[in-house]
Amino acid sequence: MWPGTPDAATTGCCCARSPTRSCSKSGDCRARPTATPTPAGNVPARHFLPRRPASPINRPGARRLTCWAQTGPECRRCGSRLCGDDNVRTQPHHQHLASRRIAARVAGGVDTAADLAASIGRRLAADAVVAVVNGAESDLGIALPDGATVSIVTVGTDAGREVLRHSTSHVLAQAVLELFPGAKFAIGPAIENGFYYDFELPDGATFHADDLERIEATMRRIMDADQAFVREECDVATGLGVFADQPYKREIIERVDASEVVGDGTVSLYRNDGGFVDLCRGPHVPSTGKLGNFALQKVAGAYWRGDEKRPMLQRIYGTAWESPKALAEHLERLAEAELRDHRKLAAELDLLSFPEELGAGLAVWHPKGAMVRKLMEDYSRTRHEQGGYDFVYSPHVAKSVLWETSGHLDFYADGMYPPMEIEGASYYPKPMNCPFHMMVFKSSTRSYRDLPQRLFELGTVYRYERSGTLHGLLRIRGFTQDDAHIFCTPDQVVDEVVSLLGFVLSVLRAFGFDEFTASLSTRPPEKSVGSDEDWGLATDALRNALEREGLAYDIDEGGGAFYGPKIDVKVRDAIGRHWQLSTIQADFQLPQRFDLQYVGADGARHRPIVIHRALFGSVERFFGVLLEHFAGAFPAWLAPVQVRVLGVRNDHDTYAERLVDRLAAEGYRADWVRAEEPLGNRIRRAKLDKLPYVLVVGDDDVANGTVGVNPRGGNVERDVSVDDFVARLAAAVESHV
RNA sequence: GCCCGAGUAGCUCAGUGGCUAGAGCAGCUGUCUUGUAAACAGCAGGUCGUGGGUUCGAUCCCCACCUCGGGCUCCA
């Protein structure tokens, strides 16, 4: 890959591993969240409303509420309209409408959105958190303008949860300011599954774990008090006055884009009866009593505005849900993710380790882990061989001139290990394989008849990752890429990418993934190389490939590297987390840097296009993802030990040993354990090792040539003939289940 | 890199400014001869992450370093 941009390491061409940190132990997706379209109805938390629509009829006295059916949405299940006839009070629609959003147009008398909800039904009123009035989220207490289209957002929806998480973060801030006089508070948004709030404590003090309990208790008291969130609007000067001793709030008021925030000189605040006031666009739940199903989770440092040159603030993370049940389920998901943690499983199953003596981010593979890895690599090699790739190898170090030509020393030096000085030259450990593959291509004159040429290598690279970013196998300093560079003519790009994407998905499916999403990153608006024609061609090729595969994708407009567009493929794992694995990336730049040429049919020299691509991304990272996906229970074709044979008594050991010999002779991985301890215990060990099959053999089996089969996750079966079992095993291995 | 937290036997964890630092599991040695997730007994195993400092005395307090964990992106 071409290091191109300063963030090349994280934009990830085939050589750049996925930038992701894994899901935190908390079970949040380990893949770095990518820009995905906001789901319908999931209105992002906004903190400054556009000014309330001018309404001439804020007539508080008006009690009569007339709504009529919104003639738009129909129920997706029954097809009926959302509301009744004209002049009929709006009714909550069928319970099966997951969102339970109510649409109505208000005419005549005006009430608040809360009144509207109440008039529709008690359940709706109880579940309501905010309203969407003429497309803008508002507090329920907002007076409804005449003719407004209103929907009520309830707690059990994405939008509803976002509001209650945001409101919970406000209560967190209220509690912290109460408990830590002099604390400064910064921002507190809702995030996926929860919220956080950033603080600066006086004299550089920090939060400690036991502080969370105190803070949580104070928050519960505030919620029990059911304090109303009251919106106020004021001008900038007043706002600055309110937050005279809150520098972060002042900075927000002063610095945020004028058009968005103070376009008409209005700043919105929320004040509650507890005497707490926060700068906030809103909306909020009506009162703190609507909250309560939350938990504070952890404390972390976070730079103000994510800028490491700015002060580091103290961040408290929490999670909040609409019901105790939803909260409990979330906490269970976290526990489940923790059980699958690849670092824990790798140690328990004796797969690999990170000895301190090696240095951070460097692993050694133990025999069982190495067997799984070998099987993965063998499979990859077989598929690449079938796929028309040529295999190459390259050394681990190269002189500085190579990295100067490639541009790595200009753009990627921070990610490289420092050089070794030998015989007057500087040798750098390689952070990427691409320059070597360029050299292979350049080693002789290439004809258009040779193209596309696909050079593949399981190439081990070393990158200096900042110490704080290391994370098990998912972010590591020495790792191996299943890296290939495809050299092709411009008019081969389309077909090549189409077949490549099919190849990628086919290989990923073979490893047990069956749900994929992709993103297509296009030309950055500024600073990119290559002609519009090249970009158009390559981008269309990528898009075509995605559409032909029927792969859902989003477009990351301008998110490509400056040297070419790319596709990133993400998989969904067994517990619903998404991981970015594969990447396919077009490159117009590296061929120029290395002055690559081929002789065309016209006898002239032309510049090839390079496609970088990786399927696993990093073998280590992919292994880690697989380990979590399977929770350590590798399918038979990948399991380091497929079959364990246990004699009931030690006079069955000979038979057990013969069975193992036969399985080994047929190419299976089997072992046996002497009958020196009770059968139950030996079975237990095999189960803890998550072996696919345990065979128990006793008197009957020795006499009849049978086995007792105890499959992982299945029921024990007695008197199975050895041939039957072998056939079953063969089928499982063959089908990768 | 920065903030917070952690580091005691292979693993999971107790424990203490003052005698030779404990347990379970794993390991080893015996005994047991077992039909589907934990037989019994014994033995061995630790420079309490590393290096400095304070102290009569440090695994414990202080400092530095190393390694690990969480976070530093989703912008009131």
Side-chain angles (χ1 to χ4, degrees), chain A residues 10 19-21 24-26 28 32-36 44-48 166 169-170 173 185-192 196-198 204 206-209 239 243 246 248-249 251-253 256 261 267-270 278-282 297-317 341 343-344 347-348 350 353-361 414 465-472 646-653 674-688 694-701 708-710 715-718:
Chain A
T10 55
T20 55
R21 282 202 65 106
S24 59
K25 272 188 132 174
S26 61
D28 297 334
R32 165 173 291 187
T34 51
T36 47
R46 293 167 61 85
H47 300 285
F48 277 98
H166 177 63
S169 84
H170 272 239
F185 61 141
I187 60 172
I191 55 175
E192 186 178 7
Y196 66 78
Y197 217 113
D198 286 347
T206 56
F207 292 118
H208 298 281
F243 295 107
Q246 288 292 343
Y248 298 105
K249 297 296 177 187
E251 182 175 333
I252 293 161
I253 295 174
V256 178
V261 176
V267 169
S268 61
L269 312 173
Y270 279 81
D278 196 358
L279 173 69
C280 185
R281 176 188 287 165
Q297 293 171 302
K298 54 202 170 196
V299 179
Y303 297 108
W304 169 231
R305 295 200 174 281
D307 180 348
E308 61 189 17
K309 294 185 185 62
R310 304 275 213 126
M312 176 153 288
L313 306 178
Q314 293 280 304
R315 175 172 296 180
I316 295 177
Y317 282 95
D341 188 305
R343 295 160 300 187
K344 185 180 160 74
E348 284 173 3
D350 194 18
S353 58
F354 292 87
E356 195 170 326
E357 289 84 343
L358 305 197
D414 288 350
E465 300 281 0
R466 296 167 106 197
S467 61
T469 64
L470 298 171
H471 183 89
L646 304 175
V648 172
R649 288 189 316 273
N650 57 11
D651 50 339
H652 305 125
D653 283 350
R674 285 173 201 283
E676 284 175 342
E677 46 181 353
L679 180 62
N681 197 28
R682 286 177 287 148
I683 288 173
R684 178 167 183 271
R685 288 165 191 264
K687 294 295 180 187
L688 291 175
V694 177
L695 301 184
V696 173
V697 293
D699 291 335
D700 300 344
D701 300 297
V709 180
N710 185 337
N715 297 320
V716 171
E717 204 178 332
R718 292 283 299 271

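Each chain gets a letter, A, B and so on, in the order the sequences are listed, and its residues count up from 1.
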Rounding to the closest angstrom, what is the interatomic distance between [N] and [M] at atom [atom1]?
N	M	atom1	value
G17(B)	C61(B)	C1'	8 Å
A39(B)	A44(B)	P	25 Å
G52(B)	G71(B)	C1'	31 Å
C4(B)	G42(B)	P	48 Å
G45(B)	A26(B)	C1'	11 Å
G49(B)	C13(B)	P	15 Å
G15(B)	G22(B)	C1'	7 Å
C75(B)	C62(B)	C1'	40 Å

Atom-to-atom span, [atom1] of [X] to [atom2] of [N] - whole angstrom:
X	N	atom1	atom2	answer
Glu357(A)	G10(B)	CD	C1'	14 Å
Asp350(A)	A26(B)	CG	P	15 Å
Glu465(A)	U67(B)	CD	P	14 Å
Leu313(A)	C75(B)	CG	P	16 Å
Glu356(A)	U8(B)	CD	P	10 Å
Glu251(A)	C75(B)	CD	C1'	12 Å
Glu192(A)	C75(B)	CD	C1'	16 Å
Lys298(A)	C4(B)	NZ	P	17 Å

At under 4.0 Å between heavy atoms, what does [X] touch on the DNA or RNA strands: base, sugar-phosphate, or nothing?
X	answer
Arg466(A)	base
Ala300(A)	base
Tyr197(A)	sugar-phosphate
Gly239(A)	nothing

Only one of Val716(A), Asn715(A), Leu695(A), Leu646(A) forms a side-chain contact (heavy atoms from CB on, under 4.5 Å) with Asn710(A), so which one is it? Val716(A)
Does Tyr196(A) have a side-chain nitrogen or oxygen under 4.0 Å from the phosphate oxygens OP1 or OP2 of C74(B)? yes
OP1 or OP2 of C3(B) less than 4.0 angstrom from a side-chain nitrogen or oxygen of Thr206(A), does that happen here? no
Check for a donor-acceptor pair, side chain of Arg682(A) on one end and backbone N or O of Gly647(A) on the other, with a separation under 3.5 Å. yes
Kindly say whether Phe185(A) contributes a backbone atom to a donor-acceptor pair with the side chain of Gln246(A) at under 3.5 angstrom? yes
Pairwise side-chain contact, Asn650(A) with Arg674(A), heavy-atom cut-off 4.5 Å (strictly under): no
Are His471(A) and Arg343(A) close enough that some pair of their side-chain heavy atoms sits under 4.5 Å apart? yes
Checking contacts here: which listed nucleotide (G1(B), C75(B), G71(B)) is nearest the side-chain heavy atoms of Tyr317(A)? G71(B)
May I ask you to decide whether Arg649(A) forms a salt bridge with Asp699(A), counting only side-chain N to carboxylate O separations under 4.0 Å? yes
Salt bridge flag under 4.0 Å for residues Arg718(A) and Asp701(A): no
Earlier contact from the 5' end, RNA chain B, for Gly472(A) and Asp307(A): Gly472(A)
With nearest nucleotide decided by heavy atoms, which residue, Gln314(A) or Gly359(A), maps closer to the 5′ end of RNA chain B? Gln314(A)
Taking the six-membered ring for Trp, are Tyr197(A) and His170(A) parallel (under 30°), tilted (30 to 60°) or perpendicular (over 60°)? perpendicular
Would you kindly check whether a donor in the side chain of Tyr303(A) faces an acceptor in the base of G1(B), or vice versa, at under 3.5 angstrom? yes
Base-paired stems in RNA chain B, each at least three Watson-Crick or G-U pairs under 3.5 Å: B:1-7 with B:66-72, B:10-13 with B:22-25, B:27-31 with B:39-43, B:49-53 with B:61-65
For nucleotides 27-40 of chain B, just jot down a letter per nucleotide in 5' to 3' order: B, S or -, based on protein non-hydrogen atoms under 4.0 Å. S----BBBBBBBB-
Atom pair CD1 (Ile252(A)) and CZ (Arg305(A)), whose distance is rounded to the nearest 0.5 Å: 5.5 Å
Against the six-membered ring of Tyr303(A), is Lys309(A) placed for a cation-pi contact (under 6.0 Å from the centre, within 45° of the normal)? no
Within 6.0 angstrom of Asp307(A) CG, more than 12 heavy atoms from elsewhere: yes
